[in-house]
Each structure stands twice: as C-alpha cells, then as structure tokens.
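Worksheet: one structure, shown below.
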Number of protein chains: 2
Amino acid sequence: MNSSADGLLTPSDLTENGTQQIRDAIRDAIVERRLAPGTKLSESDVGGLFNVSRTLARAALQALSYEGLVSVEKNRGAFVAYPSPEEARQIFAARRLVEPGILKSAAERITPAEIKQLRQLLVEEGRLMNERGQSARRAEIKASGDFHLMLASFSGNLIMQRFMEELVARSSLVIALYGQSSASSCGHSEHGDIITALERKDVDKACDLMLHHIAHIEADLDLRERKSFGLREAFER
Amino acid sequence: MNSSADGLLTPSDLTENGTQQIRDAIRDAIVERRLAPGTKLSESDVGGLFNVSRTLARAALQALSYEGLVSVEKNRGAFVAYPSPEEARQIFAARRLVEPGILKSAAERITPAEIKQLRQLLVEEGRLMNERGQSARRAEIKASGDFHLMLASFSGNLIMQRFMEELVARSSLVIALYGQSSASSCGHSEHGDIITALERKDVDKACDLMLHHIAHIEADLDLRERKSFGLREAFER
DNA sequence: GTGCACATTATTGTATGCAATCCAGCGTAC
DNA sequence: GTACGCTGGATTGCATACAATAATGTGCAC
C-alpha cells in the first residue's frame, strides 16, 4: 500500500508531463504580459504551437483555469482571464490578508543567506529598472513579483507559497488591465525597506511596510467598471 | 472581443460539465472519509462508476490533484492524497494564518440574518452529534467544516473562500489520517463561542477563539512520522 | 529452492475521430 | 432598410484507439 508520505520533497509535482511545460509557458506569457487579457486561446492553436495534440493543450488550459489565469467558457473556449474590478479588489484584499502572515512566518526562520538572496533579487530588479526595452520591462515585472514569491518560499509553508504564486500571477493580470502609471516599478524602494526591517527583526514594521506597499500598488489602479466597451459605448460619443 | 467582466456572478464556474459532477462526488467522498487516504483511483474505475469515458475521469482526477486531495504519479495513476505530517502541519499553519483575517473581514460585513444562518448550522451540527450511525458521523464532519466555509463566504472574498474550501477539505484528510479522539466534534462549543463574539462585534476575541479552536483540532492529531509501514516494519517484531 | 531474465497483462499517456454547439455570413420577408 | 431565419464553417465536448510504461507472473539457470 505504501504511499507518498515522502515528506514534502515535491517542489510541486514531478509529473514532468508535456502539459506542465505548456502550462508554464503560457503562464509566463500571461504574467509577463505578452498575452493580453481576453485573448482567445483555442485548443488547436495552443496545441499546434507546442506540437502536441489538442488533448494536452486542453489539459494545460484547464490547469490554468484552476489558477484563475484563464477562463474557460463552455462550448466557447478558453481566454486569458479578464478580471473584473471587483475581482481585482478581492485579489488585493487577499494579499493584504495573507502577506503579513507570510512575512511573520518568514521572519521567524529566515537566515542571513536568505536575506542576501532577497537583496540580490533587489539589485537585479534595480538594474532592469534602468534598462530600456520591452524585454527588460518584462523581466522587471517578473522580478518584482519574485520578491514576494521568494518571501513566501522563506516562510517554509508550501501551501502558502503556492497560494502566493497564484495571487502574484493574477495581480499581474490586474495591473495589465487597470494599471495607470507606466512605472510599474513604483514599489522598488519599498521592497528594500521591507528587507531592512526584516533584517532588524522588526516584524511589525515589516508587516506595516508590506501593507503600505500593497496599498501603493493598488492605488495605482483605476478600478472603474469599464463595461467591456466593445459595442455601443465605444462608438456613441 | 467583449469578455467575462460580469462582476463575480459566477459561483465558481458555470461549466456544468460532467467533469464537475464527478469531481464534486469524489471530493465529497474524500471529505466525508468514505475514501481512505492512499486509495487508488484508476481512471477506468472512476469512469466506469460514473458512466463516462476515461477522458472525463482523468480530467476530474486532475482537477482534484490541483486541490491537493488527490495525488497523481506519473505512469502510476491517481491516489487519494496521503498528506505527510509535515504537510499536515503546513495545512493547519495556513489556516491559523488565514482564518483570523477572514473572520475580521466577515465581522465587518456580517448581517444579523447571516449570524442566524451560522447559528442554524450550529444546531444542525449539534443534532448530528447526538445521533448514532455512520451517516450521521459523516454529516457531522461536513457540518463542522461548513461552519468555517460559511464564515469564509461571509467575508465577501471569493478567492479566500475558495482557498478555505481547499484547506478545509485537506484538513479532513489530515484528521482522517492522524486524528486520535473519536470525538472529532471536539470543537462544537467553540464554534458557538466564536459566533457569540462575532455577534458582539468583539473581533479580537473572535479571532482569539478561532486560533484556539484551530489549535485544539491540531492538538488532537498524532503527527508522528509513521513511515508508511506497509513492508518490513509491519512484520518484523 | 533461489534469483534473475523475459513475456504477459494492466494501466496510463497521447492522438485522433465523430457528434454537438456556437458563430458568421447570407438571403429572404416585411 | 431592417429584422429574422437559415446554412456553412469552425471549435469545443467527449469517446475511442493506439503507444508507452509499469506491474505481475512464468520459466530457466544455477
């Protein structure tokens, strides 16, 4: 009978299926904003793009829908998710609810080496910030999210880590849709402040900074109901 | 182009696929502990049981694996998840991290009618507690989890609600594996206390009670590494 | 009798095919 | 000219078929 009681040695799943690769590739494309919200992802197209059958493409899209990055509508197909303003609010509410706790957890177990890793990520982020070009911008977006993900991984809780992965990815979609300031990097210095507080074991301060940081990101959004103005509203002036 | 910006009117997904039904049926069976951890779930068997093809069965199992209720091993098949002690700890750590925040959210928006709903759930739970029989026991397990889920639904955050659904379901697996006291209902009165505190708008007290409640559930577990003693250890005395 | 190599069987992984559904374009009635 | 209904094409939903892998059983050598 045995079983897989091998004690959390599975990073996520060592399935190594073709599905995983497709899923990851599409997720990266969404998170880095190469795929715009609302884009149709037909099974044939996805399958053709990765040289696999519709079966695997379908499985990958299904998987992404469980993460909230893709919405599949019955008999209509899969689309890059188009979070509503309300959904956006809930995503950030979830982050405000969860990230302080993660931070607290991480603070209790973090090592100097790990703090160094965070700092390293930060300088990387800063370097990209001063670079020009689309690809630098994309890398910057990713690095900015990775800060939060690395923190989550230092919390030692795989479940929270995975949840954060979902939230960060969905945040990227929200920012793509509702973000205003071109400088999506508005929170760069704040990341540094959080590390500093963490280093000083000042957990309360760190949590406080984190909450403000999330609030700042959210404040940059314009969450007014734009009712899918593809029809009348778009042409009646 | 349009899109599904219809403002969170989707309870989860109105796909209404056959997959959903299978997934829900199996999940219920797992949560109500009719399916023991480690049980093999072969695609043919599942498909045959619901009179659908392997394709749908496979999709359902895949979906359950994203919720952590089923673990699929490459080329070996799907099994009811068998959470390790470490995983169990992380599940409860996640609940301690998340539930106070949910409670706070819920407290801010809860209506008297909703409090009544909670109370009603509680009397139901109490009634089942005093009944005999397997089916009553199962219903009690479900009701006990439903308390936390209803609270989550009152938080108004669909994302947190879904996360809690996952955590509660996985908790049920953990309790099935590591629970000691037959009285899994140990927390019944605590649920009532939480409602009372909530009613009095004493959020801090409610959160405190919630943390103790979770701690009590966890304290009933015997989280020692039982290394899947299916082989040597089982027969060498 | 024990251990190993091989054949057999069962189960999963993936591709393909058919039926059902939706969408768009066209034509017709009013 | 507008609205309605119809038909053709494309896409998804699901089942089935085949290939690949793992589990099991058998027979032979020692």
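What you are looking at is a predicted structure, and each value in this text was computed from that prediction instead of being measured. Convention: sequence-line order gives letters A, B, ...; per-chain numbering from 1.
Counting to the nearest Å, the P atom of C:dC22 and the CD atom of A:E43 are 15 Å from each other. Rounded to whole angstrom, the span from the CG atom of B:N75 across to the P atom of C:dA10 amounts to 18 Å. The distance between atom CD of B:Q62 and atom P of C:dT14, rounded to the nearest whole Å, is 10 Å. The CZ-C1' distance, from B:F50 to D:dA15, rounds to 18 Å in whole Å. Spacing between atom CG of B:N51 and atom C1' of D:dC14 amounts to 14 Å, rounded to whole angstrom units. Distance, A:Q21 CD to C:dG13 P: 15 Å, rounded to whole Å. Between the CD atom of A:E73 and the P atom of C:dT21 there is a distance of 17 Å, rounded to whole Å.
B:T55 comes within 4.0 angstrom of a base, heavy atoms only.
At a cut-off of 3.5 angstrom, the base of C:dG13 holds at least one donor-acceptor pair with the side chain of B:R54.
A salt bridge is defined here as a Lys NZ or Arg NE, NH1 or NH2 lying under 4.0 Å from an Asp or Glu carboxylate O, and B:R162 with B:E165 fails to meet this definition.
The phosphate of D:dT12 (OP1 or OP2) has a side-chain N or O of A:K40 nearer than 4.0 angstrom. For D:dA23, one of the phosphate oxygens OP1 or OP2 lies less than 4.0 angstrom from a side-chain nitrogen or oxygen of B:R76.
Closest to the B:R58 side chain, of the nucleotides D:dA15, D:dT12, C:dT12, is C:dT12.
Using cut-offs of 30° and 60° for the angle between ring planes, the A:H213 and A:H148 rings count as parallel.
Counting only N and O atoms by type, the side chains of A:E124 and A:Q120 include no donor and acceptor under 3.5 Å apart.
A donor-acceptor distance shorter than 3.5 angstrom exists from the side chain of A:S171 to the backbone of A:L167, with no hydrogens or angles considered.
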